[in-house]
**Student:** 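Structure provided below as structure tokens; questions to follow.
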Amino acid sequence: MKTVHHALVQNTPGVAIELQSLHFGTPGRGRKATLQAALHADEIPGLLVAHHLRALLAALEADGRILGEVVLVPVANPIGLTQRVLQGVEGRFELASGENFNRHYADLFDEVVQRVEGRLGADASKNVVLIRAALSEAAGAIPAHNALESLRRTLLGLSIDADIVLDLHCDSEGVLHLYTETSCWPQVEPLARLLGVDTALLADVSGDHPFDEACSTIWPRLAKHFGDATPIPSACVAVTVELRGEADVSHAFASRDAQALVDYLAWQGVIAGAPSELPPARCEATPLAGSIPVKAPHGGVVVYLHECGARVAAGDRLADLIEPMSGLVTPLLSPVDGVFYARETRRFVPAGASVLRVAGREALRQGKLLTS
Ligand SMILES: [Zn+2]
């Protein structure tokens, strides 16, 4: 294992922050996978999964079983981890800018088109090599004037030339679920089965350039732009994996999840020893536009009546919202048939807050599909 230290641009003289990446296997030989944990810095389950992954990958490397290259970023957001406010950590938004750490990744489309124009041909695999080199160059040239911009540039640079990108997050409270681009689904379905996710949410574009889409969506766009004479496959499978809820931090979960991720890398040919068969699917994929939030019509105490993972029908009473001053009790009903897959940790919410989400089969929403 090789550790690489990436110094981020310093916001304040004398205050240095660095990102570390752990490299297993051999760069340039075989397929490449990058996994990163806690881009939203307060989503801790991924940090523990990364800890278990490090040991598994080191053992695999010692056995000569890493066929390609695996890059593990065990703490993807050291900026967020330093943002202590009173007794908590604000890990989702950068305090200086208010920006979500998992949004606003660079769109490298124009830069890559300029770099490969006139150089692509009829050989798809040669096109992939050319485009990956152009992507890495373009990512390295992204301007970075502060720590956040240099964090985004560095993370993108570690993943942009990978075959597989797994971004480990978690929800407030929830069951295992994942987000991916629609065209990636056939490649992601085995991951869903190995992890045992209860919800898989698909979108072509979910809005505001999250990390996974910055890595994967450029490939089908380039294919469309250059046309059939220069075949370009969707060469990057990128997934946001939601490792249950923020308090679901245990060795039992993390060791199981880390093994499932390693099994997936083996299924993808990055590691030797692919599983002979996959577990049965626990769910079918549904559109991200069919994931419907239920918002609080007024402030109050939330009392849940179902656990996450429940299969529910439209109209089922999922929670009560109680206004203690007036005694008002407002039932919060499921908006659709589907899986009640995530809910808010806080048990007192202000008016307008998203309290819970149900994944249904029908795409009922439009526009920006992710929560803020
Ligand atoms: Zn997250």
Side-chain angles (χ1 to χ4, degrees), residues 19 34-51 53 72-85 88-95 97-105 148 151-152 154-156 158-159 165-181 184 188 191-192 195 197-203 205-217 238-249 253-254 257-258 260-261 288 291 293 308 341-346 353-357 359 368-372:
L19 187 79
T34 301
L35 302 94
Q36 65 182 25
L39 178 55
H40 287 140
D42 46 2
E43 296 176 1
I44 308 307
L47 299 179
L48 187 61
V49 168
H51 171 72
L53 274 172
L72 175 63
V73 184
V75 180
N77 186 358
I79 300 171
L81 273 182
T82 66
Q83 293 189 154
R84 298 193 65 79
V85 181
V89 169
E90 174 47 62
R92 186 173 185 84
F93 301 98
E94 194 212 23
L95 289 175
S97 63
E99 289 186 2
N100 187 318
F101 284 107
N102 188 25
R103 303 288 186 271
H104 314 301
Y105 283 83
L148 175 59
L151 176 70
R152 288 183 177 135
T154 308
L155 292 174
L156 200 58
L158 289 165
S159 283
V165 174
L166 302 177
D167 194 12
L168 307 180
H169 288 247
C170 73
D171 217 301
S172 192
E173 292 181 5
V175 289
L176 260 174
H177 59 284
L178 58 79
Y179 300 85
T180 195
E181 189 200 341
C184 290
V188 175
L191 174 65
L195 281 167
V197 304
D198 281 297
T199 301
L201 299 163
L202 309 185
V205 175
S206 55
D208 283 340
H209 299 275
F211 184 80
D212 60 347
E213 290 184 6
C215 298
S216 62
T217 59
V239 190
T240 296
V241 179
E242 301 281 345
L243 298 164
R244 307 177 192 81
E246 58 194 25
D248 292 321
V249 179
F253 281 146
D257 296 341
L261 295 172
L288 178 55
S291 163
C308 288
Y341 72 96
R343 68 190 193 189
E344 171 59 43
T345 305
R346 292 172 297 175
S354 174
V355 178
L356 59 90
R357 278 169 283 143
K368 292 182 181 179
L369 298 175
L370 298 172
T371 47
S372 59

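Just so it is clear, the structure is predicted and the values come from calculations on it, not from any experiment. Note that ligands are numbered from 1 as they come in the structure, with each ligand's atoms numbered from 1 the same way. One is the number of the first residue; the rest follow in order along the sequence.
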**Student:** Let me confirm one number: the CG-CG distance from L202 to L288, rounded to the nearest 0.5 Å.
**Tutor:**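 With rounding to 0.5 Å, CG (L202) is 8.5 Å from CG (L288).
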**Student:** Can you list everything that forms a side-chain contact (heavy atoms from CB on, under 4.5 Å) with T345? Sequence neighbours excluded, please.
**Tutor:**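 S172, E173, E246.
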**Student:** Identify the heavy atoms of F101 and G91 that sit nearest to each other, and give their distance.
**Tutor:**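 In terms of heavy atoms, the two residues are closest at CD1-O, 3.2 Å.
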**Student:** First locate atom CG of D42, then atom CZ of F93, and finally report the distance between them rounded to the nearest 0.5 Å.
**Tutor:**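 One gets 9.5 Å once the value is rounded to the nearest 0.5 Å.
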**Student:** Salt bridge check, R152 against E94: does any charged N sit closer than 4.0 Å to a carboxylate O?
**Tutor:**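 Result for this pair is no, no salt bridge flagged.
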**Student:** Closest heavy-atom contact between G80 and V89?
**Tutor:**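 So the minimum-distance heavy-atom pair works out to O-CG1, 3.5 Å.
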**Student:** How many protein N, O or S atoms sit closer than 2.8 Å to the Zn ion (ligand 1)?
**Tutor:**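 If we list every protein N, O or S atom nearer than 2.8 Å to the Zn ion (ligand 1), we get 4.
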